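This report concerns only the one structure given below.
Counting from 1, the numbers follow the sequence of the chain as shown. Not measured: the values here are computed from a predicted model.
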Amino acid sequence: MAVSEQYLRVAFDGLEFLLPSSASFAIEQREGLKGNDSGKGSNVAWWETRGKRLPVYHLDGDLKPVRDNNWQRAVFLNAQPHPIGLAANDVQLLTRADVRVEPFYPLGQAPTQGGQLFSAAWIQGVEVTLVFEPHALATYLLTVKEGA
């Protein structure tokens with residue numbers, strides 16, 4: 001796991017996770033995105049930029065895509081073949097001085113072709129905040145099928 005100088009605290013569905021800030025290239029307000037009102041697909045919105053439509057997905061507490069309107073921002077992850085957005089209720093930038101991240105090695109088979117979804121944890125007393133592995137999270141979000 002690479003040590004990040006900053007982390008994004010990403011909150012959705014009553015849960016909080018950390019994401020190395022180097023994994024994202026943009027954070028957009030919901031108002032700057034086009035909602036997916038068609039009822040088709042798993043994405044909740046699109047970011048239309050430079051002639052491209054980049055999807056935004058909202059996850060529930062089980063990390064399954066849901067068509068929920070309870071979000072305020074989208075964090076766009078660097079991914080191939082295109083960036084992909086994660087909808088969040090709140091996003092907060094934390095410095096390395098704010099958090100002390102420790103390596104975390106999940107047991108069992110990786111749920112994505114990109115590997116395990118988590119690579120570290122921030123432990124504060126009895127509270128544990130998991131740190132997303134950016135490549136695995138992007139790989140997971142890219143597997144969510146449009147129109148499914």
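- Contact annotation: the side chain of Y7 never approaches that of S21 to less than 4.5 Å [non-hydrogen atoms, C-beta and beyond].
- Pairing each heavy atom of Y57 with each of V44, the nearest pair is C-CG2, 4.5 Å.
- Here the straight-line distance linking atom CG of L117 with atom CG of L137 works out to 6.5 Å at 0.5 Å rounding.
- One finds the CD1 atom of I84 at 7.5 Å from the CG atom of L77 (value rounded to the nearest 0.5 Å).
- Aromatic rings of W71 and F12 (six-membered ring for Trp) have centroids beyond the 6.0 Å cut-off, not under it.
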| request: Take T129 and Q124 through the test side-chain contact (heavy atoms from CB on, under 4.5 Å) and record every step on the way to the result. | output: CA-CA 8 Å; T129 304; Q124 310 161 79; 3.8 Å; yes
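- Shown here for G85 and L141, the closest heavy-atom pair between the two residues is O-CD1, 4.2 Å.
- Proximity of a side-chain donor or acceptor of D62 to a complementary backbone N or O of K64 within less than 3.5 Å is not detected.
- Atoms CG and CG, from L15 and L59 in turn, are 10.5 Å apart once rounded to the nearest 0.5 Å.
- Between atom CZ of residue F104 and atom CD of residue Q116 there is a gap of 8.0 Å, rounded to the nearest 0.5 Å.
- Heavy-atom minimum distance, A136 versus G115: CB-O, 3.7 Å.
- Considering only heavy atoms from C-beta on, P20 comes within 4.5 Å of P134 through its side chain.
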| said: N69 vs R30, test: side-chain contact (heavy atoms from CB on, under 4.5 Å). Steps then yes/no. | reply: CA-CA 10 Å; N69 286 323; R30 181 176 178 164; 3.4 Å; yes
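- Using modelled atom types, no side-chain atom of N36 and backbone atom of W46 make a donor-acceptor pair closer than 3.5 Å.
- The shortest side-chain heavy-atom distance between E16 and L130 does not fall under the 4.5 Å cut-off.
- Put simply, the side chain of V75 reaches to within 4.5 Å of the side chain of V91, judged on heavy atoms.
- The minimum heavy-atom distance between R67 and K40, with the atom names listed, is NH1-O, 3.2 Å.
- In this structure, the side chains of L54 and H82 come closer than 4.5 Å at one or more pairs of heavy atoms.
- Atom-to-atom distance recorded for D90:CG and Q72:CD is 9.0 Å, nearest 0.5 angstrom.
- Nearest heavy-atom pair across G125 and I123 is O-CG2, 3.7 Å.
- Side-chain contact between W122 and R9: present, with at least one pair of heavy atoms (C-beta onward) separated by less than 4.5 Å.
- Counting heavy atoms from C-beta outward, L18 and L8 have side chains that stay 4.5 Å or more apart.
- A pairwise comparison of heavy atoms in V131 and A121 identifies CG2-N, 4.1 Å as the closest pair.
- At least one side-chain heavy atom of V56 sits less than 4.5 Å from a side-chain heavy atom of F76.
- From L33, atom CG reaches atom CH2 of W47 across 8.0 Å, with rounding to the nearest 0.5 Å.
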